[in-house]
S.K.: 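Mind having a look at this structure? Questions to follow.
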2 protein chains.
Amino acid sequence: MTAPLHEAHPSGPGRVLPDTQQGMRRRNLARVMHAVNAEGQLSRAAVASRIGLTRAAVSTLVDELIRSGLLEELGPERPGRVGRPGSALAVSGHGPAGIGAEIGVDHLAVCAVDLRGQVRARAIRHGANRGRSPEPVIDELTELLRQVVAEAKGEGLWPAGLAVAVPGLVARDARTVVRAPNLDWHDTDLGALLPADFPLTVDNEANFGALAELWLGEGTGGDFLHVSAEIGIGAAVVVAGGLLRGTRGFAGELGHVPVRPEGPRCACGGRGCLEQYAGEEAVLRAAGLEPGEDRVGLLAGRAAEGDAAVRRALRDAGKALGIALTGAVNLLDPESVVLGGALAGLAPWLLPSLEAELDRRTAGPACPVSVSRLGPQGPLLGAAHSVVRAVLDDPAAVAERN
Amino acid sequence: MTAPLHEAHPSGPGRVLPDTQQGMRRRNLARVMHAVNAEGQLSRAAVASRIGLTRAAVSTLVDELIRSGLLEELGPERPGRVGRPGSALAVSGHGPAGIGAEIGVDHLAVCAVDLRGQVRARAIRHGANRGRSPEPVIDELTELLRQVVAEAKGEGLWPAGLAVAVPGLVARDARTVVRAPNLDWHDTDLGALLPADFPLTVDNEANFGALAELWLGEGTGGDFLHVSAEIGIGAAVVVAGGLLRGTRGFAGELGHVPVRPEGPRCACGGRGCLEQYAGEEAVLRAAGLEPGEDRVGLLAGRAAEGDAAVRRALRDAGKALGIALTGAVNLLDPESVVLGGALAGLAPWLLPSLEAELDRRTAGPACPVSVSRLGPQGPLLGAAHSVVRAVLDDPAAVAERN
DNA sequence: CTATTTCGTCATGGCCGTTTACAAATTAGT
DNA sequence: ACTAATTTGTAAACGGCCATGACGAAATAG
C-alpha cells in the first residue's frame, strides 16, 4: 500500500492504480522494469521467477516494453549453465531521460540521466544568486536546460520530466517555493516561470540529496537518517524506501531539536537548539571567522591547516550533533546515519566527537555513521533520478506519452 | 504499496499479494470489507462507487463474502432519495472474532472482538505477576482464554487469531519475549506455551496501545506520536497508518532521548535521558514517595489531594517530556501527540507544563497534544483489533480456513 | 398513473495470466 | 560424436475476472 513517498506530485503517476485488469497490467510492467533495473541485465525467465509470473506472461510484458523503447534486447547471454541461454534484457539507454536541475546559492546546474542511471549530459553555471530576483535566475536556468535537453536529444534521449532542487521550503503542490532564505525568495511559483514542455517537480535540495543516497548510495538499506546542512541543519528521514515528509511537510527539522534546554535563544522561539551549536553561523563565530563566500570551504581549509580554534569549533559542533542524533536514533532506530551536503566535507573533524557522543549515549551497539560519497552532487542527481524512478514506477504512463 | 506495518508476522497474510488475477480478487475482497467497515452500513452500489469497481463486480464479491460469513445482508435501506433503495450490507457480527490478550504486571486480561469492533466477551484476573515464572502465568492466561473463546462461540463467533500484549521487548518472530524487566522474563517463547489452535501474534503493549489509538481513537489521522509509560517511557511512531518499528524493532525509545546532556547518569550509558526526569522511579523520588504497588494510582491520588511535592514532581516531569517531545515533533512533524497508558491518568498535572514547553520551543503553531480516552484499555483492545484488521486486510485467507 | 432514477443481476465480451506443448540451444554423460 | 537432460522463449487453448449493456425491481416526482 502505499504510494511511493518519493513522489512529490500529490496526484502523480505513482498513486495507487485501480485494482482492475488494466491496473494489474501496469503494475506488472513496472515490476518487470524494476527487476531488470535492479540487476542491470536479466533474461525473461529470470525476470519471471523473480517477480513470480510465468515466462509466457513476462514475454508479452517485455514485448510491450521493448516496443515502447523502455527495454532493450542485448542478445544471448554467454552460456555458463545447462540449458538454452537466455536473451539478456536491459533498461534502455536511448529512451526517456530524467532531467534534474539545482538552484544553489552560488551556482545553477542541470543534468540528464538515462534510465540506466548514467549521466548523459550536464551544464553548470557558477555565480552568486543570493538576493537576485527569481526571473533572471530562472531565465539562466532555462538556458542551461535548453543546452542539456538538446545534448540529450542528440544522444537519442527524450526528456520524461524535470525535477528542480531548491535551497528552501517547497509547498505541497511541488511547484511553489514558499521561502528560500538564502536566495531571499518568497512564494515563487516555478511552474509559471519554467517551460512547461514536460512534468515538473520542485522539492527541497536536502530531500533530493537523501533520495540520491537511497537510490545511489552504498550500503544504505531502506531506513536511514540523512543529515545535511545548507539552510540550517536538516535531516531527511528515510523509512521503508521512502521519504518521511510529515503532516505539513516540515519533518526533519533536526536544527531545532533542543540540545541544551536552557541554552541560548533561537529564532524559532526555543532555547539551545542544535543550530545554536552546530549551525553555520554558530560554528563560524566559535571559530573566530567572518561570514563570507564559500564558508564551508574556508572552514575545511583552516581545519586542514591545523587551525586550533576552527578544529575546536568543529569538534564542539560534532558533539552537539551527536547529542541531537542520539535522540533521533533512539526514536527511529535507523539502519545508519549518513552525513551529506556540506557536512560531508567537514566530516573528518566532526565525526570523532559526533561518534563518541553517540556511542557513549547508546546502550547496545551504536548506530553506524557514514559520510555520503555523493557529497555536493547529491541533490542534482537525486532530482534527475526521481524522474527516472517515476518512469520505472509506471512505464505505461510514459509509453503512451511517446 | 506497502505492506501493512501493523502486521507483526514477518510473512503473515498482510504481505503484498502477487499481481495475478487471484491476487486482484483477494485485494478487491479486502477493499469491499474495508469500505463496508468504514461506513458501518453500505449498499452494493455505494461500495462500487467508493472503491471504483462496477456494481456487477461488487455484486459477485459481496456474494462471496456473504457465503464466507464475513458480510451480512441487513435488508433494504429506508428510502430517502429517488430510485430503488439499496440493500444494506454490514460486516458480520457472527463470523470470525479477534482474540486479544494482555499480560500486565498485576493483571491478566482476555477479550474477544467481532468484525464490527464490538467487544463480545471478556475476562480479567487481578494479581501480581512480577517475578512469577512464565509457565503458571501462561496457564492462568490459557484458562481465561478458554472462557472467552467458549463465551464467544456461544454467540456464534469463531476465533480467527490471538494477539498478546506484553510489557516488554518482543523478537521479530512475534512469538518470543526477549525481555520483560517488570516480569523478569527473558527469552520466553510464548508460542510454545500457548495453545496453537489459531495464529498467534505477540507484541509490545505500547505498540498495541498506539494501534488502538489509530484504529479506535478520535481525531487522529494516520500520523501521530503515541507516548506511554509502563516500562520506561515509550513512544510509538505512527506514520501513514502504520507503526514505525525501526531496523531492529527498537524505534520509539523516547525514554533515552537526551534532555540535559550533562544530567545524571542513566542505565543506558547516557546522561540526562528523559527517563531520569519523567521516569516512574524519578518522579516517585522527586515526589518523596516509596515505590510500591499501583504507583500511578498513588501519584494521581496525591496530586488530586493537592500534595505540593507530588504536583511539583509531575510538573517537572511534564516539562522534561515537553523538551523531549519538541525534538520528536521537529523531526517527525506529526499531526498530533497522544498521551496514553499510565500517562493518560496523570495528564491533568503533566499537560500544562508539557504544552507550555512545546509551545515555547515551536516556531509556528504547536503540535496539538491530546489524552487517549482509551486509557489503560488500549493495549488489550489494540491486540484484539489487530486480528480483526488482519481479517479485513485479507478476507479470502480466513474464508478458506472455515 | 406515468416518467424518472437508482439498485441489483444476468449475459456477453475483452483482457490477462496460466497451463500445456514444442522448438531451440546449451551441458552432461557415454 | 551422439543422445539425454535441462533451460529458454513462444504459441495456442483455457479460465478467471472485471467491464459493458440490458433488464426487472423499487422507490420518487409530477
S.K.: Please report the interatomic distance CD1(B/Ile66) to OG(B/Ser92), rounded to the nearest 0.5 Å.
M.R.: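 B/Ile66 atom CD1 to B/Ser92 atom OG measures 10.0 Å (nearest 0.5 Å).
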
S.K.: Assess whether a salt bridge exists between B/Glu72 and B/Arg116, defined as any Lys/Arg side-chain N lying under 4.0 Å from an Asp/Glu carboxylate O.
M.R.: yes

S.K.: Grab the two heavy atoms, one from A/Ser87 and one from A/Arg44, that are nearest each other, plus how far apart they are.
M.R.: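 Nearest pair, atom of A/Ser87 first, then A/Arg44: CB-NH1, 4.0 Å.
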
S.K.: Residues from residues 69-87 of chain B sitting under 4.0 Å of DNA chain C, heavy atoms only?
M.R.: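 Heavy-atom cutoff 4.0 Å gives B/Val82, B/Gly83, B/Arg84, B/Pro85, B/Gly86, B/Ser87.
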
S.K.: Check A/Glu213 with A/Arg373, please: is the shortest side-chain N to carboxylate O separation under 4.0 Å?
M.R.: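 Answer for the salt bridge query: no.
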
S.K.: Roughly how far, to the nearest 0.5 Å, is CG of B/Leu42 from CD1 of B/Ile51?
M.R.: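 Taking CD1 in B/Ile51 and CG in B/Leu42, the distance rounds to 9.5 Å.
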
S.K.: What residues in residues 51-59 of chain A put a non-hydrogen atom under 4.0 Å from any atom of DNA chain D?
M.R.: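 Per residue number, the list reads A/Arg55, A/Ala56, A/Ser59.
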
S.K.: Could you point out which residue of A/Asn28, A/Leu70, A/Leu71, A/Leu29 forms a side chain to side chain contact (heavy atoms under 4.5 Å, CB included) with A/Glu64?
M.R.: A/Leu29

S.K.: Go through the side-chain N and O atoms of A/Asp114 and A/His94 and say whether any donor and acceptor fall under 3.5 Å apart.
M.R.: no

S.K.: At what distance, to the nearest 0.5 angstrom, does NE2 of A/His385 lie from CG of A/Leu392?
M.R.: 10.0 Å

S.K.: Does a salt bridge link A/Arg50 with A/Glu39, judged by any charged N lying under 4.0 Å from a carboxylate O?
M.R.: yes

S.K.: Using the salt bridge (charged side-chain N to carboxylate O under 4.0 Å, His left out) rule, collect all pairs that involve residues 151-162 of chain B, keeping only residues at least two apart or in two chains.
M.R.: B/Arg120-B/Glu155

S.K.: Mark yes when over 12 heavy atoms from residues, nucleotides or ligands other than B/Gln22 sit less than 6.0 Å from its CD; otherwise mark no.
M.R.: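 No - once you tally the heavy atoms of other residues, nucleotides and ligands closer than 6.0 Å, there are 12 at most.
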
S.K.: Taking B/Asp19 as the fixed residue, which of B/Arg26, B/Arg27, B/Arg25 is the one that meets the salt bridge (charged side-chain N to carboxylate O under 4.0 Å, His left out) rule?
M.R.: B/Arg27

S.K.: Considering only heavy atoms of chain B and a distance under 4.0 Å, specify the first and last nucleotide of DNA chain D in 5' to 3' order that meet this criterion.
M.R.: D/dG15 to D/dT28

S.K.: Would you grab the first and last nucleotide of DNA chain C (5' to 3') that comes under 4.0 Å of any non-hydrogen atom in chain A?
M.R.: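 Using the under 4.0 Å cut-off, the span is C/dG14 to C/dT27.
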
S.K.: Using a heavy-atom distance cut-off of less than 4.0 Å, which residues of residues 38-45 of chain B contact DNA chain D?
M.R.: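 Correct list: empty, so none.
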
